[in-house]
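Taking it in order: structure first as structure tokens, then the write-up.
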Amino acid sequence: MSDYRRITIASAGSHAGEPVEIAGWLYNLRKSGKIIFPLLRDGSGIIQGVCVKSQVPEQVFEDLKNLTQESSVIVRGKCRAEQRAPGGFEMDIESVQIVQRVPEETPYPITPKDHGTEFLFDHRHLHLRSRRQHAVLKVRHEVIKAIRDYFVTQSGQLYNEATAMAFGKTYCFGPTFRAEKSKTRRHLTEFWMVEPEMAYADLEDVKRVAEELIVFMTGRVLENRKTELATLERDVSKLEAIKGPFPRISYDEAVKILQGKGSEIQWGGDFGGTDETILTADQERPIMVDRFPSSFKAFYFQPAEDRDDVVLGVDVLAPEGYGEIIGGGQRIHDPELLLKRIEEHKLPKEAFDWYIDLRKYGTVPHAGFGMGIERCVAWICGLEHIRETIAFPRMLYTLRP
RNA sequence: UCCUCAGUAGCUCAAUGGUAGAGCAUUCGGCUGUUAACCGAAGGGUUGUAGGUUCGAGUCCUACCUGAGGAGCCA
């Protein structure tokens, strides 16, 4: 038994002919009298096993034949290339150790047939085991890793410390919680956001960094997650088209375009979900819309140089109707102006004393943005709903599991 | 909070106001290359809840509960 070396399914291809063991779960079982095809998964992948009655001890065949879905097992045997097997590799099973057999009285609830979203998300703790969800979360991981790598390559390990002190080029990456009553396919009450902030930077710098980041991120997913994108049946040509420069339009222009296409929007109003879809419908790249009316943007946005009814904010809208994935812009650096805006918005000045302080001691033009991870992953994977992009989505009225 | 749609077997769904059904899952039987395997059989139901109309309600009406995704609001 110790002759069998434990391997992952993902590495099975490089262990052809060796005695190996795989520790995992039964994904599905097809049997035909004297031959059995168990599908096994171990978290790294899925492999088909094969077991012929005449070639193994009777007990091995019986144990395998009676396994139930998602029973935990350790199987031993040898792997080889096999055209007829899904995935191209197959394991000839020689013995099996049942760790736990799922009892037939309480079968695994998620069967290989159709289920509705309500049922699946009530069983999210099990749903995560399925192939599709697995692929989505691997893409999510790649997106997160790309974001971290992007900022590391921008500044460098040691340089990063210097920039933080000298230039304040930093980023924050973590969960954000919002309690708005938004029940849509684009909203979660907990979502993850990366927020770079740069000193001595303006709106143009934000647009440049945002564009570079998106191109870098989609490039990395294409490079490292081809298999997962195939599992998700994602049209990769849509992602291959993501290259700079992205189209850039002003809010003024966007309103004119929308009105020309029948939208009800008036200058001064924010985009609705359908407006975002109209704007991106005929674009294969994300588009950048900037210079929004100050009326519906937060108090800290820097006004435009040439007019004071718009501010230097920018939204990046993903193609294919996925909506806003980035929002950001240039912040007010003038202490007098910031105070004025705080008063105009009737905000408690005391609560912002530290924020105002930043403008007293060596203030510089600075800018930054926030990018929503789940919306990016939903777009890259081509998903119908954002809730599939996080292991345990927190939504309005949804806390379990 | 408002609007729209939906709730029938463990799951996905059928059923002109007239005997509640199929596929999958489970159990039993068959099958040596299956690809969400297939073939045969069995078990499985207070049709979301409470009222109402009717000779008769899964179906029509009212209220409520639960869910979905839109609006508002937000990212």
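Chain letters run A, B, ... following the sequence lines, proteins first and then strands; every chain starts at 1.
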Q | side-chain contact (heavy atoms from CB on, under 4.5 Å) partners for A/Asp92, two or more places apart | A | A/Val50, A/Arg80
Q | Pairwise 5' ranking along RNA chain B for A/His187 and A/Thr117, keeping only the more 5' one | A | A/Thr117
Q | Within the 6.0 Å centroid threshold, strictly below: A/Tyr150 and A/Tyr171 | A | no
**Q.** Euclidean distance, atom CZ of residue A/Phe292 to atom P of B/rC74 [Å, nearest integer]
**A.** 14 Å
Q | Atom-pair distance (CD1 on A/Ile390; P on B/rA75), nearest Å | A | 18 Å
Q) Which whole-number value in Å describes the distance from A/Asp275 CG to B/rA71 P? A) 10 Å
Q: Using the P atom on both, measure B/rC13 against B/rG69 and round to a whole Å.
A: 14 Å
Q) Under a 3.5 Å cutoff on both atom distances, Watson-Crick or G-U, what's the dot-bracket for RNA chain B ([ ] crossing, | other strand)? A) (((((((..((((....[..)))).(((((.......))))).....(((((..]....))))))))))))....
Q) With sequence neighbours excluded, what pairs up with A/Glu62 under the salt bridge (Lys or Arg N to Asp or Glu O under 4.0 Å) test? A) A/Lys65
Q) Is it true that the side chains of A/Arg131 and A/His134 contain a donor and an acceptor less than 3.5 Å apart? A) no
Q) If the sugar-phosphate is the primed atoms plus P, OP1 and OP2 and the base is the rest, what is the B/S/- string for nucleotides 21-31 of chain B, using protein heavy atoms under 4.0 Å? A) ---SSSS---B
**Q.** Whole-Å C1' distance, B/rG52 and B/rG40
**A.** 47 Å
Q: Among residues two or more places apart or on two chains, list those pairs meeting side chain to side chain donor-acceptor pair (under 3.5 Å) that have a residue in residues 320-337 of chain A.
A: A/Glu197-A/Arg331, A/Arg234-A/Glu320
**Q.** B/rU16 versus B/rG51 - spacing of their C1' atoms, nearest Å
**A.** 26 Å
**Q.** Presence of donor-acceptor pair under 3.5 Å, side chain of A/Glu90 and base of B/rG33
**A.** yes
Q. Ring stacking, A/Phe37 with base of B/rG33, under 5.5 Å and under 30°?
A. no
Q | Among B/rU34, B/rA75, B/rU32, the nucleotide that comes nearest once only the side chain of A/Phe191 is considered | A | B/rA75
**Q.** B/rG44 to B/rG10 separation - C1' atoms, rounded to the nearest Å
**A.** 9 Å
Q: Hey, could you give me each pair passing side chain to side chain donor-acceptor pair (under 3.5 Å) that has a residue in residues 44-56 of chain A? Not counting sequence neighbours.
A: A/Arg30-A/Gln48, A/Asp42-A/Ser44, A/Gln48-A/Glu90
**Q.** Residues that A/Ala12 engages under side-chain contact (heavy atoms from CB on, under 4.5 Å), provided they are two or more places apart
**A.** A/Ile7, A/Ile47, A/Cys79
**Q.** Value in whole Å for how far the P atom of B/rU12 lies from NE2 of A/His115
**A.** 8 Å
Q: Inspect the contact between A/Glu212 and A/Arg208 and indicate whether a charged nitrogen and a carboxylate oxygen are less than 4.0 angstrom apart.
A: yes
Q.
Measure CD1/A/Ile326 against C1'/B/rC74 and give the value in whole Å, please.
A. 18 Å
**Q.** Residue A/Val52, side-chain atoms from C-beta onward, closest of B/rG33, B/rC11, B/rU32
**A.** B/rU32
Restricting to nitrogen or oxygen on both sides, can you table the protein-nucleotides 2-9 of chain B pairs closer than 3.5 Å?
none

Q. Is the number of heavy atoms from other residues, nucleotides or ligands under 6.0 Å of A/Asp306 CG greater than 12?
A. yes
Q. So what does A/Ser54 touch, heavy atoms closer than 4.0 Å: a base, only the sugar-phosphate, or nothing?
A. base
Q: Return the value, rounded to whole Å, for the distance between atom CD of A/Gln48 and atom C1' of B/rU32.
A: 13 Å
(Q) What's the closest nucleotide to the side chain of A/Glu118 if the choices are B/rG33, B/rA71, B/rG67? (A) B/rG67
**Q.** Residue A/Glu324, side-chain atoms from C-beta onward, closest of B/rU32, B/rA75, B/rC11
**A.** B/rA75
Q. Nearest nucleotide by nearest heavy atom, which residue falls closer to the 5' end of RNA chain B, A/Pro86 or A/Arg375?
A. A/Pro86
Q. Is there a side-chain polar atom (N or O) of A/His385 under 4.0 Å from OP1 or OP2 of B/rG69?
A. yes
Q: Between B/rU49 and B/rA9, how far apart are the P atoms? Round to whole Å, please.
A: 11 Å
Q: For A/Gly327, answer base if it contacts any base atom (sugar-phosphate contacts may also be present), sugar-phosphate if it contacts only those atoms, and nothing otherwise; contact means non-hydrogen atoms under 4.0 Å.
A: nothing
Q: Check side-chain contact (heavy atoms from CB on, under 4.5 Å) between A/Ser294 and all other residues, then give those that pass, not counting sequence neighbours.
A: A/Val311
(Q) Test of understanding: with salt bridge (Lys or Arg N to Asp or Glu O under 4.0 Å), list the residues that count as partners of A/Arg132, not counting sequence neighbours. (A) A/Glu388
Q. Which pairs, with at least one residue in residues 342-352 of chain A and sequence neighbours excluded, count as a side chain to side chain donor-acceptor pair (under 3.5 Å)?
A. A/Arg341-A/Glu344
Q: Specify the separation, in whole Å, of atom CG of A/Asp270 and atom C1' of B/rC74.
A: 9 Å
Q | Heavy atoms from other residues, nucleotides or ligands near NZ of A/Lys256 exceed 12 (cutoff 6.0 Å) | A | no
Q: Determine the interatomic distance between P on B/rU46 and the same-named atom on B/rG21; round to the nearest Å.
A: 15 Å
**Q.** Whole-Å C1' distance, B/rG56 and B/rG18
**A.** 7 Å
Q.
Does A/Leu39 reach a base, just sugar-phosphate, or nothing at all? Heavy atoms under 4.0 Å.
A. nothing
Q.
In whole Å, I'd like the distance from the CD1 atom of A/Ile265 to the P atom of B/rA71.
A. 13 Å
(Q) Once you apply a heavy-atom cut-off of 4.0 Å, does A/Arg131 come out as touching a base, just sugar-phosphate, or nothing? (A) nothing
**Q.** Side chain of A/Phe119 (C-beta onward), nearest among B/rU32, B/rU12, B/rG33
**A.** B/rU12
Q | Span that lies between the P atom of B/rA14 and that of B/rG30, in whole angstrom | A | 36 Å
Q) Partners of A/Arg220 by side-chain contact (heavy atoms from CB on, under 4.5 Å), sequence neighbours excluded? A) A/Glu142, A/Lys145, A/Ala146, A/Asp149, A/Phe216, A/Glu223, A/Asn224
**Q.** A/Arg84 vs B/rU32: side-chain N/O to OP1/OP2 distance below 4.0 Å
**A.** no
